[in-house]
Asker: 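My structure is below; once you've seen it, I'll send some questions.
Values reported hereafter were calculated over all heavy atoms of this structure, with side chains retained and with hydrogens, waters and symmetry mates removed. Computed from a predicted structure; not experimentally measured.
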Protein chains: 2
Amino acid sequence: MSWDLKTDRPIYSQLIEQIEIKICSGIFAPGSKLPSVRELAQEAAVNPNTMQKALSMLEEDGLLYTNRTSGRFITEDAKMIEQAKHKLAQDQISEFLEKMKSLGFGKTETLSIISTMLEEAKK
Amino acid sequence: MSWDLKTDRPIYSQLIEQIEIKICSGIFAPGSKLPSVRELAQEAAVNPNTMQKALSMLEEDGLLYTNRTSGRFITEDAKMIEQAKHKLAQDQISEFLEKMKSLGFGKTETLSIISTMLEEAKK
DNA sequence: ATTATTGTATTAAGTACTTAGTACAATAAT
DNA sequence: ATTATTGTACTAAGTACTTAATACAATAAT
């Protein structure tokens, strides 16, 4: 489980992103139980308070829910997860194209750059 | 001149990114004089200290240089700017493909998603 | 019943970032 | 010569983030 955290951004927000990704990619399976706050915190080499903050904020989106003392669980709603996944993908793409545009690369140009990159990689 | 700054990340680092982009995209032309620290700070609605921090850090890369009291200037070295531009683009692409991969989208899959997005946009 | 584990809350301390305000030295402009 | 503008430096204050250390209530496990 990779938790590479950078120092140029609040840790809790990076945790939110990465947990969301683990859920959307299936690393954290629907309906399964999450490790405890303390375990997750240790895994990520982070203070339990920080992990708690990230998890409680994540719950607002509905991808997680808490059973008071038995722990936290991933939603069983596979459709919700699928939607979240596609929203994340769309956001990534939009943000990416936006940045490329600001550098002076139009959408089709950006597309062709990636295409040729992948062609090169195949060789 | 758009300076949209978000609160989820240090301002000075966002300033660095955006100034770098303005240089690479030609908004700040090679050899031209930058507005003063105080002007830029006012434009970006930021404290002069913060702008100063960003600018002095940017100089380390060589895209800017200072003439003690006449101001700051963009490098005349167009080749250096071109290199910086392509490095930024490469970094953006790598980061993007990485994130898409973590979501479960392979490179070719990501490419086809963007392709169809652009096709849709044309209609 | 007792114990361990769960999420949660609180307080205190340290660090980084940002701002406001002020000041200084060098030099371009007058 | 004088003035204005340049980058730069400094201190003080406030805020947000992170950590450490504890503690508590609820409940699963024993």
Asker: Of all the choices, dG7(C), dT19(D), dT6(D), which nucleotide is nearest to the side chain of Arg68(A) once you look at every atom?
Answerer: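 Comparing dG7(C), dT19(D), dT6(D) against the side chain of Arg68(A), the answer is dG7(C).
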Asker: For Thr50(B) and dT19(C), is the shortest distance between a side-chain N/O and OP1 or OP2 below 4.0 Å?
Answerer: yes
Asker: Between Ser13(B) and Leu34(A), which residue's closest nucleotide on DNA chain C lies nearer the 5′ terminus?
Answerer: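 Result: Leu34(A).
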Asker: At under 4.0 Å between heavy atoms, what does Arg72(A) touch on the DNA or RNA strands: base, sugar-phosphate, or nothing?
Answerer: sugar-phosphate
Asker: Out of curiosity, does Ile114(A) fall in the hydrophobic cluster containing Leu111(A) (side-chain heavy atoms, cut-off under 4.5 Å, transitive links)?
Answerer: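 Linked, Leu111(A) and Ile114(A) end up in one cluster.
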Asker: Find the distance Asn67(A):CG to dT6(C):C1' and express it as a whole number of Å.
Answerer: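 For the pair Asn67(A) CG and dT6(C) C1', the rounded distance is 10 Å.
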Asker: To the nearest angstrom, how far is Asn49(B) atom CG from dG14(D) atom C1'?
Answerer: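 Roughly 15 Å, once rounded to whole Å.
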Asker: Would you mind reading off the distance between Asp8(B) atom CG and dC17(D) atom P, rounded to a whole angstrom?
Answerer: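 From Asp8(B) CG to dC17(D) P: 10 Å.
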Asker: Over 60° means perpendicular and under 30° means parallel, so classify the ring planes of His86(A) and Phe105(B), tilted if in between.
Answerer: perpendicular
Asker: Is the backbone of Met100(B) close enough, under 3.5 Å, to the side chain of Gln92(A) for a donor and an acceptor to pair up by distance?
Answerer: no
Asker: Counting side-chain heavy atoms from CB outward, which of dA28(D), dT19(D), dT6(D) is closest to Ser70(A)?
Answerer: dA28(D)
Asker: The side chain of Lys33(A) lies closest to which of these nucleotides: dT6(C), dC17(D), dT6(D)?
Answerer: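 Output: dT6(C).
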Asker: Return the nucleotide paired to dT5(C): Watson-Crick means purine N1 to pyrimidine N3 with N6-O4 or O6-N4, wobble means G-U with N1-O2 and O6-N3, both under 3.5 Å.
Answerer: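 When the pairing criteria are applied, dA26(D) turns out to be the nucleotide that pairs with dT5(C).
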Asker: dA23(C) P sits how many Å from Arg38(B) CZ, rounded?
Answerer: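 In whole Å, dA23(C) P and Arg38(B) CZ are 14 Å from each other.
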Asker: Quick one, Leu34(A) and Glu39(A) - any side-chain contact, counting heavy atoms below 4.5 Å?
Answerer: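 Heavy-atom side-chain distance check fails, nothing below 4.5 Å.
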Asker: Using atom NZ of Lys53(A) as one end and atom P of dT19(D) as the other, report the distance to the nearest whole Å.
Answerer: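 Result: 11 Å.
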Asker: Select one nucleotide: of dA20(D), dT27(D), dT19(C), the one nearest the side-chain heavy atoms of Thr69(A).
Answerer: dT27(D)
Asker: I need the CD-P distance between Glu59(A) and dG7(C), as an integer number of Å.
Answerer: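 Spelled out: CD on Glu59(A) to P on dG7(C) is 10 Å.
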Asker: Check whether any side-chain heavy atom of Tyr12(B) lies under 4.5 Å from a side-chain heavy atom of Val46(B), and answer yes or no.
Answerer: no
Asker: Would you kindly give the CZ-to-P distance between Phe73(A) and dT27(D), to the nearest whole Å?
Answerer: 14 Å
Asker: Using atom CD of Gln52(B) as one end and atom P of dC10(D) as the other, report the distance to the nearest whole Å.
Answerer: 12 Å
